[in-house]
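This report refers to the structure that appears directly beneath it.
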Amino acid sequence: AGAARGDMAPKTGRRVVVIGGGWGGATAAKYVRLADPSIEVILLEPNRTFVSCPFSNLVLSGVRTIDSLTFDYRGLRRHGVSVRHEAATAIEPETRRVRVGEGYLQYDRLIVSPGVEFQWEQVEGLAENQDKVLHAWKAGPQTVQLAAQLGSMPDGGVFVLTIPPAAYRCPPGPYERTCQVAWYLKNNKPKSKLIVLDANQNIISKAGLFRAAWRDYPNIDYRASNKVVKVDPSGREVATDFGDKVKYDVVNLIPPQRAGTIAVQADLVGADKRWCEVNHLTYESVKHRDIHVIGDSTIGLPVPKSGNIANAMGKICAVAVVHLLDGKQPPALPPGNTCYSWVNDREAIAVVNAYKIDGGKVVQIEQKLTPGQSVAVAQNAVGWATSIWNDILG
Amino acid sequence: LDAPGATKALNCAACHGPSGQSPSDAMPILAGLWPEYFKKAIQDYAAGRRPSPEMEPYAKQVLELGVDDVAAYFASQQRASTKVKVDAAAVERGRAAAQQCAVCHGSEGKGDRAKLIPDITGQPPGYLRTQMLLFKEDRRSPGDERLKALKALMKTIPDETFADLAAYFSSVR
Ligand SMILES: Cc1cc2nc3c(=O)[nH]c(=O)nc-3n(C[C@H](O)[C@H](O)[C@H](O)COP(=O)(O)OP(=O)(O)OC[C@H]3O[C@@H](n4cnc5c(N)ncnc54)[C@H](O)[C@@H]3O)c2cc1C
C-alpha cells in the first residue's frame, strides 16, 4: 500500500534497527530501550502477533489453545520501540541501510534475528506441496492446521513425523512433539500408530528421559538414521535415503533448516551457506561491521537453538550495542538455557545449561537434567513461560 | 540496567521475571531478598546441598560472575507482592494455622535477617507450598542440622494445610 520510497524515517539521533520480532529480536529491541531510552529503536516484523513456539506442541494434543500462546506488541511500544509490520528486503552494510521494499531505513547498529528458513529443496516433492505437507515448526496457522489433520485422522491411521539432521531449531522439540502426538493418539485413537523417522543416529536431546517417557506409549515406532528425502502427497508416502518407503495418513515433515533468508542474502552466513558466525561477547557478525546476529541464525557457540538462548542473546547483545554506541567496552556476559519438554498433559522434563566466558568465548560450565518427569517440573515450565514471555514483550 | 549487578542478573529474568519480580505461581520473587540469605541459597544450590536441576547450573554461573554483586542487585529491588490470586477462605484458615510459624518467622511472617530466616510474605503461593512439601520430605537441604526443628514441625502438618498457609503468607502485605 503505497510503499514509501527513499528514506522512510530520516534519522535524527542514534538509531538501532532490529530485524525480526521473535524471541531474540523483540527482547533486543526492548532491552536497548531499557539500557538507554535516548536511542531510537525500530523493529521490523511482518507478523502483527507473536505466537510462541514453546508450548505449541501442546496445541497438537489439545492441551493448550493457540490463543493462549499469542501475544501483541503493545508492551514493546510502551517501551518506546517503533514497531513496523514490514519485512526487511535487503541489508546494505556499506551505507548502513536496511531496505524495506522501495524504501530504506538508516541505522547506526543493526540487530538481525530472523530465525530459521526451511531448505525445501532438500526433500523432493516438498517445495510444490507446502500447503499439504505441514512443518508446524513456526507456531501459527500451520500448528492449528496440523492439529486439525490429527483430529480428523481415522482411528487406525498412521501419523508420520520426520526429523531433520541437526542443526535445527529446538533440539528436543521433535521428541516433545512425539510425546504429545502419542499421548493424543493413545487417548483418542487407540488403534493408531506414530512412526518417527529421525535423520539423526539417536534422540539428540534428553535421550534417557524421552526413552523413559516413551515407555507409556507403545504406539510409537521410532526409527533412527532414517533421513527422509522425498514426499509424495498423492500416494501419501515418504521415502528415506535408503529407498525405504513409508505410507502415512497424516505427515508432519520438519524440513532441514538454515538461517533466515535475509541473513543468507546479506552474506552474513559462513562457508556452509547456512548459519552466521558471531563474536561471543557482542554478537557482532564476523563478516560485516555494525551488524549483530542473534538467535537461531547463529552458529559457533556451544548453545542450542532455543527460545531461551535467543532471549539471553537479545539482552546481552542489547547491552553490548549500547556500550559500543557510547564508545565503551561491553561487559563479558554469558547466556543461560533451560528447555522444558512436556511428556504428557501434566508432566515435564528439563535440561539446564549454564555458561561462562573464557578467553573471549562462551564455554559451558554445566549441563543438568531433571532426575525424571514430574508435575513439579511442569509447574516450573509454566513459571518459566510466564516469566520469559513477560521478559520479551511485557 | 545501570544498577551495579543488573547486567549479571539478566539471565535470571527468564524464570524470576524482570528485576526479580516473578509473575508466576511457581518461581520465587528475588526482589528484596536479603543478601546474606541470597548468598547462602546460591552457595547451597551450587554445592548441591539444596537440590534443584534449574538452580544448580545457574548458581554456578552466579559464583563465576560474582555472587556479591548479584545479591546486592536483587536486595536493592523493592519487592512487589505476588499478583497470583488466592482464595479468601484459604487465607483465613492459613492465618489461624500460621501461629506455629511466628516463633521463627515473626508474627507477620517477615522473618529474621540475623538468623537467615526469610521474609515469606508476598511470595507466590505455589512456591511457598512447594517449599513446605520439600521441607516435610527432607528434600530441601537434606540433613541440614539447622533446619531440623523446621522440618519436624512440617511433618506434623497435613499437606492440605500447606495450601492454606501458602495462601495466607502470600497475601500478607
Ligand atoms: C515446536 C517448537 C517448540 C519449541 N519449544 C521450545 C521451548 O520449549 N523452549 C525454548 O527455549 N525454545 C523452544 N523452541 C525454539 C524457539 O522457538 C526458537 O529457538 C526461537 O523462536 C528462536 O528465536 P529467533 O529470534 O531466532 O527466531 P524467531 O522467534 O522465529 O523470530 C524470527 C522472527 O523474524 C521475523 N523475520 C524473518 N525474516 C524477516 C525479515 N526479512 N524482516 C523482518 N522480520 C523477519 C519472523 O517473522 C519471526 O517473527 C521451540 C520451537 C519449536 C518449533
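Every chain is numbered from 1 and lettered A, B, ... according to where its sequence line falls, protein lines coming before strand lines.
- Note on residues 99-110 of chain B: pairs passing side-chain hydrogen bond (donor to acceptor under 3.5 Å, both in side chains), not counting sequence neighbours, are B/K110-B/T121.
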For side chain to side chain donor-acceptor pair (under 3.5 Å), just list the numbers for A/Y355 and B/E64, CA-CA rounded to whole Å, side-chain angles, deciding distance to a tenth of an Å, and then say yes or no.
CA-CA 9 Å; A/Y355 305 91; B/E64 283 280 338; over 6 Å; no
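- For residues 63-77 of chain A, heavy-atom neighbours of chain B at less than 4.5 Å comprise no residues at all.
- In this structure, A/K328 places its NZ atom where only 12 or fewer heavy-atom neighbours from other residues, nucleotides or ligands lie under 6.0 Å away.
- Here the OH atom belonging to B/Y58 is positioned 7.5 Å from the CG atom belonging to A/N353, to the nearest 0.5 angstrom.
- In this structure, chain B has a heavy atom under 4.5 Å from the backbone of A/L369, while its side chain stays farther away.
- Atom-to-atom distance recorded for A/K315:NZ and B/N11:CG is 6.0 Å, nearest 0.5 angstrom.
- Between chain B and the options A/N337, A/I357, A/I316, the largest number of non-hydrogen pairs under 4.5 Å is found for A/N337.
- Between chain A and the options B/P18, B/P53, B/A14, heavy-atom pairs under 4.5 Å are most frequent for B/A14.
- Counting heavy atoms of neighbouring residues, nucleotides and ligands inside a 6.0 Å radius, atom CZ of A/R33 exceeds 12 of them.
- For the atom pair CG of A/N308 and SG of B/C15, the computed distance is 7.0 Å after rounding to the nearest 0.5 Å.
- Between chain B and the residues A/K356, A/Q367, A/Q364, the most heavy-atom pairs under 4.5 angstrom are made by A/K356.
- Of the atoms belonging to A/D36, not a single heavy atom falls under 4.5 Å from chain B.
- Applying the 6.0 Å contact sphere to CZ of B/R49 captures more than 12 heavy atoms from other residues, nucleotides or ligands.
- In this structure, chain B has no heavy atom under 4.5 Å from any part of A/A350.
- Ranking B/P51, B/A59, B/P23 against chain A, the residue ahead of the rest is B/P23, based on heavy-atom pairs under 4.5 Å.
- In this structure, the portions of B/Q61 lying under 4.5 Å from any heavy atom of chain A include both its backbone and its side chain.
- Taking A/P331 as the reference, A/V319, A/H323, A/L333 meet the side chain to side chain contact (heavy atoms under 4.5 Å, CB included) condition, with sequence neighbours excluded.
- Scanning residues 376-388 of chain A against chain B with a 4.5 Å heavy-atom cutoff picks out A/Q379, A/N380, A/G383, A/W384, A/T386, A/S387, A/I388, ordered by number.
- Remark: A/R211 CZ is packed, more than 12 non-hydrogen atoms of other residues, nucleotides or ligands lying under 6.0 Å away.
- Residues A/N390 and B/S24 form no side-chain contact, since every pair of their non-hydrogen atoms from C-beta on lies 4.5 Å or further apart.
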